[in-house]
Student: 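Starting off with a structure, shown below.
Numbering of ligands and ligand atoms starts at 1, following listing order. If you're wondering where the values come from, they're calculated on a predicted model, not measured in any experiment.
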Amino acid sequence: MKTAIRMDDITPDMNHAKFGRVKAILEAAGIKPLIGVVPYSRDETLRIEKPHEEFPKMISELERAGWIVALHGYHHLYTSREKGIFPINEFSEFAGVDYDKQYVMINEGLSQLREWGLNPIMFMAPGHTFDKNTLKALKANHITKLTDGFGEKPYIRDGMTFYPISKKRSECISDKEGFSTYVLHTNTMTDRDIEDFECMIKEHRSNFISYDEYMSVPAVQRSTFENIKEYLMAYAKHLLVSKRASKGTVIHQDGK
Ligand SMILES: [Zn+2]
């Protein structure tokens, strides 16, 4: 498997020390990830430090170096209990919200990122949840790429190109044919997680690719049958995570 990396929950008030450690690992390996930047974060769980003033400069330098920027929601607050069309979680900032509101959230979010000097070319839904109106509102805002879905290569659905994410770590470093995305939430990574991540990258360097390489893979058209299969797989993943949560395992709210 060739695996790209995405980093969620990038905000001015994130845990900059942990972000910096993961950034150093990626830079040493020469891997450029996708980063999901929240334009107007109001999520208390993402508020780790005082907002860093140099945040826009730091992120735009990474973008100039080849990192890819995604719009990661609006406030990053879950206001709906809808699962949408990729039902990994039973909460959403977008799924179930009416079209006009979603359009404004995406439009204002993109403007904020551009004000920071960034060039967002992709969408990353908080909690991985979105619906058909999200796709429509993204297209109306000229965003036609999205990080989510399951599959072995990029695919086209409803006029959008989806870049699938991985269901599990073992899949990312397997010898299987195909492409995937390894999802990282640096804010909640422990020292051990960061060390493990560094070991994984070192041991399996040939499995990992930069995100722009993933974006250069030709996308295939999705059939309705495959959409249904993906929906069922995502729902099965949701049930599995809910079952683990009920047994006391801490689950990150992004559905890690
Ligand atoms: Zn998030």
Student: State plainly whether the residues E213 and K2 are in salt-bridge range, i.e. N to O under 4.0 Å.
Tutor: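 Judged by the 4.0 Å cut-off on N to carboxylate O distance, E213 and K2 do not form a salt bridge.
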
Student: Please give the atom name: the N, O or S atom of H76 nearest to the Zn ion (ligand 1).
Tutor: NE2

Student: Do any of the N, O or S atoms of D9 sit under 2.8 Å from the Zn ion (ligand 1)?
Tutor: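 Of the N, O and S atoms in D9, at least one lies under 2.8 Å from the Zn ion (ligand 1), which means yes.
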
Student: Linking directly or through intermediates, with side-chain heavy atoms under 4.5 Å: list the remaining ILVMFWY members grouped with Y163, chain and number order.
Tutor: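 Joined to Y163, directly or through intermediates: L34, I68, I121, M122, M124, F179, I209, Y211, Y214, M215, V217.
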
Student: Which ILVMFWY residues are connected to L239, directly or by a chain of links, through side-chain heavy atoms under 4.5 Å apart?
Tutor: Y235

Student: Can you tell me if H72 has an N, O or S atom under 2.8 Å away from the Zn ion (ligand 1)?
Tutor: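 It does; at least one qualifying atom falls short of 2.8 Å.
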
Student: Show, in sequence, the C-alpha distance, side-chain angles and deciding distance for R47 and E44, and conclude whether the salt bridge (Lys or Arg N to Asp or Glu O under 4.0 Å) test is met.
Tutor: CA-CA 5 Å; R47 194 163 296 159; E44 294 286 339; 3.1 Å; yes

